[in-house]
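Since the model is a prediction, treat every value here as computed from it, not as a measurement. Just so we're on the same page: letters track the sequence lines, and every chain starts at 1.
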Amino acid sequence: MSSITITVVALAIGVVLGILVAIVRTNHDQQKGHVSGVIKVLNVICKIYTTVIRGTPMMVQLLIMGFVIFANSRNYYMIAVLSLGINSGAYVSEIFRSGIQSIDPGQMEAGRSLGMTYGTVMKDIIIPQAVKNILPALGNELITLFKDTSLVSVIGMSELTKVARDIQAITYLPMMPYLGIAALYLVVVMILTWLQGKLERRLRRSER
Amino acid sequence: MSGDNMNGQAADLIRIDNLTKKFGDNTVLHNVSTHIKKGEKVVIIGPSGSGKSTLLRCMNLLETPTEGKVYFDGKDITDPNTDINAVRCQMGMVFQHFNLFPNMTVQRNITLAPVRTGRMTEDEAAAEAKKLMELVGLSDKADAYPASLSGGQKQRIAIVRALAMKPQLMLFDEPTSALDPEMVGEVLEVMMELAEEGMTMAVVTHEMGFARKVADRVLFVADGIIMEEGTPDEIFNHPKAPRLKDFLSKVLAQ
């Protein structure tokens, strides 16, 4: 059960972080000519963030968070959620960025030509269309995130994979617990995939 | 509206002074100056890549001029301190590829900008949208999504969307170029009605028949300059520049 709550909270952190980073990055790239200093600095920070997070393994990030940054904390749940959230934020930001870039520039032009601000056009016109386009990629991210929760056992947190290892340690029988949790992961992922398909079909319908 | 319009002479709604636009090393417009009076219909013609669309897009600053000034209603809109959104509220633009918002109904496409810019309440915007949709004969499409409309219907809605802001000036960027031939007429008809009502218009188009009939003044843009300008009679019946003669012989031969 904790695997699922970790996934949900981490995804929430990831999506919020991801949208913020994606908006900074596209704002920087789209505002031709006059880019303000604040945006420039933020853009550099965002670039470093995505480069570092995407360039190092999830397991290593967990170990650093658990034993270096939060070495004195016993709150494994918080550490796990933060690590996974920060990790997924980097990927989500790239997904959102590609989604925003996939929208015809004519949409922004039409919105701006009507006197609406950059922010309003983003919020009401660009992002709703982008979300529809990136739903499959976002679904994949959710599934990856869910399976990555199996890694949090390395910082000592008790979740599905840890439980299986504990059972093996007591019973000396590896097959049942490991095949059992594999089946559990599979079932949850299949349910998520099914929900994702349903959501996509529903969103597509509104355009017909 | 601008008060300095007392002596019967119409004031300039748009004035462009020594406009130069470069994309990298490529100079698209070279030191262009022109103006559009209130109520005037200006049609811009010229070969593709000549800079005529860029000229139009500089009028509402979708393209930022590299050099030169653009004035709207006497106000320098190229000044960085000008609230460009407030200025754009007074100019509508119609695009070659319609650029309707596919994630919203036709009704919402029309009401979004008036509401979001604080010019109208939801109810006022809805009433305005209803009135305008009736005008172009598309009242039954209010709840449809743009994907279900034909090209001609999309462009008529795009015109309505711009009109909902009650602009003083309408910019048309090749509004019929992406349409199937049988749908060109219905869009031009709406534009002609608009012209008859006295709307100030700047139209980039390849429809020479429309230019002849509607234009007060025709600008022939080629090689990044306004090579020739005059009344439709002067431009079409007595062209002077060899480039213009060549262009007309190609366009009118079809």
Whether the side chain of B:R88 engages the backbone of B:L61 through a donor-acceptor N/O pair (distance < 3.5 Å, no angle test) should be reported. yes

Give the member of B:L100, B:L171, B:T105 that has the highest number of heavy-atom pairs under 4.5 Å with chain A. B:L100

Region of A:D124 that comes under 4.5 Å of a non-hydrogen atom in chain B: both

Taking the six-membered ring of A:Y49, is the NZ or CZ of A:K47 close enough (under 6.0 Å from the centre) and on axis enough (within 45°)? no

Count the heavy atoms of every other residue, nucleotide or ligand shown that sit under 6.0 Å from CE of A:M190, and state whether that count exceeds 12. no

Assess, by modelled atom type and distance only, whether the side chains of A:S102 and A:N133 contain a donor and an acceptor separated by less than 3.5 Å. yes

Is any residue of residues 113-122 of chain B within less than 4.5 Å of chain A by heavy atoms, and which ones? B:A113, B:R116, B:T117

Ordered numerically, the heavy-atom neighbours of chain A under 4.5 Å found in residues 91-98 of chain B are B:M91, B:M93, B:F95

Whatever's closer than 4.5 Å to a heavy atom in chain B on A:T120 counts as side chain

Do we see a donor-acceptor contact under 3.5 Å between the side chains of A:Y91 and A:T144? no

Regarding A:T161 and A:Y185, do their side chains bring together a donor and an acceptor under 3.5 Å, going by distance alone? yes

Within the supplied structure, the quantity of interest is the number of heavy atoms (other residues, nucleotides, ligands) at a distance under 6.0 Å from B:M192 CE; does it exceed 12? yes

Can you confirm whether B:H30 is buried at NE2, in the sense that more than 12 heavy atoms of other residues, nucleotides or ligands lie under 6.0 Å from that atom? no

Would B:K21 and B:E67 count as a salt bridge (charged side-chain N to carboxylate O under 4.0 Å, His left out) if you check the C-alpha gap in whole Å, the side-chain angles of each, and the deciding distance to 0.1 Å? CA-CA 7 Å; B:K21 176 67 188 178; B:E67 280 164 45; over 6 Å; no

Answer yes or no: is there an ion pair linking A:R112 with A:E109, defined by an N-O contact shorter than 4.0 Å? no

I need the minimum non-hydrogen distance between B:L179 and B:P175, along with the two atoms involved. CD1-O, 3.9 Å

